[in-house]
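Numbered from 1 within each chain, the chains take letters A, B, ... in sequence-line order.
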Amino acid sequence: MRFSRKMLAVPYIIFLVCFVVLPLLVLFYYAFTGSDGYFTINNLLDFFTDPNTTGTLVYSMMIALMVTIVCLAIAYPLALVLSFADIPRKGALVMVFVMPMWINFTLRVTALKEILTFFEGNLAYHPLFNTVIGMTYDFLPFMILPLYNSISRMDRSLLEAASDLGSSKLHAFMKVTLPLSVPGIIAGISMVFLPAMTNYVVLDMLYNSTYIMGSLIGSYFSAYDWHNGSMIALVLLVIICIFTLLSEGGEDNTRGGALL
Amino acid sequence: MSTDVKDDVIIELKNLTKTYADNGFTAVSDFSLSVKSGEFVTFLGPSGCGKTTTLRMIAGFDIPTTGEILLNGVDISKLPPNKRPINTVFQRYALFPHMNIYENIAYGLKIKKLPKEEIDKKVKHVLEMVDLEGFETRRVSTLSGGQQQRIAIARALVNEPQILLLDEPLGALDLKMRKEMQLELKAMHDQLGITFIYVTHDQEEALTMSDKIVVMNEGRTQQIGTPEDIYNEPANAFVADFIGESNIFQGMMTGKLKVRFCGGEFECVDDVPEGTVVDAVIRPEDVIITEPSKGIIKGKVISVIFKGIHYEITVECGKNEMVIQSTKAAVVGDEVGMCIEPDGIHIMIAEDHTTRFDADITKDYELDYNGRSIKCDLMKVIPGAEMKGDTIYTSSGEELDIEKTKITISIKPSDIDMTDNADEGITSGNIISLIYKGDHYSYVVRTVHGHELFVDDEYLWNLGDTVGLIMPEDKMTFTVKK
């Protein structure tokens, strides 16, 4: 048998089938079957009629929105400074902000828990505040990296051109830097917003009673109700798909995306 | 200078120097220039000569370390770019990729808060000028390089700047497109009457387009003049070598309006005193090939290359090589004679390229230069010195103070030898420039100590080569430093 370039794709296809396609099919199967094993759309109807589910969805979105806004508010100026400032060993400085990703998750959140306990006494008094703090801490690097990439790849002569044509520094930022960093902003948002809706492990570890979509799926699964849990996961997947398609549509006219 | 002319000057650069704080590199030093309103001025030089830095200081992207930029008599050297009535066409165009052509061109006008109808009218007009009517809604990425270039020019011109700066704007275009754009830019300049300051490393481009050329090298002005001046009367060997092709020979004045080089005596038009060592510059097209007996000098043809409109013929005469452009072919191996009309010879007084450096005296009465010892008979160098026992006494009878006395060593460029082994010589450095002078190359070597010195060598080395510099002690001249 002769070796062809197409064969290089084989390992990836196997990986894709085992870890993406098959699990998705399993997800579909459970989402559209009842506990009796027969096809049903009751799970879908339940999702939208159960006030507990829809309420959690809205609440999760609100929290995710807050986390995303806080992350963006911190990450954007930081990425701007990191890209533009004339500092030696900039790469190392970027690493400092990304390094928390390398540290064990449990260790990180436990440390944060201790710090919050030190200031607040009892973590239960500020559930919303702690939720936002914990998630922001966890997801910040995912916002910084795409922003830093898209801003630092921008051609500096564009800013000189803006200034040459009469822009003040602020005007040049609004008209040139900001629009050109939109792909980075979108990439950052999709890396933070969606995980923030489901990642309830952070909250659990902070002894937090805040209930988000992830917690809901978790509670169904721990009660061995695979069917309703799968349906919630599937609905979230659809939301993610819609969101991604929308953001790609907006990206259409800007050059390139963000690297990660 | 009469007041009349003074009023005509739009921008004046006075002793501009730019030294970068982070690495101490001086990109431009002591640059002065005055530009008349409506002139087309070109900064010409090899890459790294400081031409772009000078342009950036005029635009406001770089602030000069010292010196003034007077625009209509007012110093603008500290003003940010957006406060200067000057616009730039960037090397890589720098068009905004997220805006369409209309938005790109209207960018500056919107900042000036012009009414929409007026902006529309101006954008339309400037697009007509660059021959891209109807491109308003196109995106930058759908345009070819040449079209992007035109848009970049339109975007700058639409603001009606007092001065338009162009930073190698045609560098990214292919040859045919470049030639076309050169003519178009020149036509645009004539039509608009705006002052153009243009940066290029292409001497042909500079000669074609400019009213005035500023030739730069190593951050310094080499010559300022019209294209004809620069071509026909180059101020030094660098300019002669950089502008067009030229033969440069070392020679000597042998009488009034008479110069000797390549083994022949020629009439010339530059009046330089007899006995002066000179560089004679001869353009390849100014050499006339004759019968061997009728030429002032003779030589053997060693190569003939067909170049389209002419042949490039290389003739060996003695140790020298003469490059000739002629419409008539020659045969390799033939002997030919060569004549040059007096006005085809440009005489430049050779600069003194002798290297001078100071050395310390050691306890053993030897010389020490950065740890290398150089033998020298101090008795012959120091006037009236006397040796008593092991000690040298000066003419005043005092013991020679080896701490305070320094010896200056001088050596001619032709007496310095270069070697591949950087440790072998008295010092080492990198070759930063080379010029062919008929029978040898004239090199400038920047030593590890930051000095620049001239070395003549008959062999070809490459720019950037690291060489050891061997200076034979018997070729050195020693004097006491005063």
M174(A), CE: over 12 other non-hydrogen atoms inside 6.0 angstrom: no
Neighbour count above 12 (heavy atom, 6.0 Å) for F105(A) CZ: yes
Closest heavy-atom pair and its distance - D164(A), A59(B): OD1-CB, 4.5 Å
Region of L109(B) in contact with chain A, defined by heavy-atom distances below 4.5 Å: neither
Pair N82(B), S163(A): side-chain N/O donor-acceptor within cut-off below 3.5 Å: no
F61(B)/L159(A) under side-chain contact (heavy atoms from CB on, under 4.5 Å): CA gap, chis, key distance, verdict: CA-CA 10 Å; F61(B) 306 134; L159(A) 287 181; over 6 Å; no
Contact class of R56(B) relative to chain A, heavy atoms under 4.5 angstrom: side chain
Atom CZ of R108(A): over 12 foreign heavy atoms under 6.0 Å: yes
Residue pair M99(B) / K175(A): nearest heavy atoms and the distance that separates them: CE-O, 3.6 Å
Donor-acceptor under 3.5 Å (H171(A) side chain, I111(B) main chain): no
Residues, nucleotides or ligands: over 12 heavy atoms within 6.0 Å of K121(B) NZ: no
Nearest atoms (heavy-atom pairs only) where S167(A) meets Y107(B): OG-OH, 2.6 Å
L165(A) vs F96(B), side-chain contact (heavy atoms from CB on, under 4.5 Å): CA-CA, chis, key distance, verdict: CA-CA 12 Å; L165(A) 293 167; F96(B) 304 121; 4.2 Å; yes
Side-chain donor-acceptor pair present, S157(A), Y93(B), cut-off under 3.5 Å: no
Heavy-atom proximity to chain A below 4.5 Å, by part of N87(B): both
Distance (rounded to the nearest 0.5 Å) between D62(B) CG and E160(A) CD: 8.0 Å
K124(B) atom NZ: more than 12 heavy-atom contacts under 6.0 Å: no
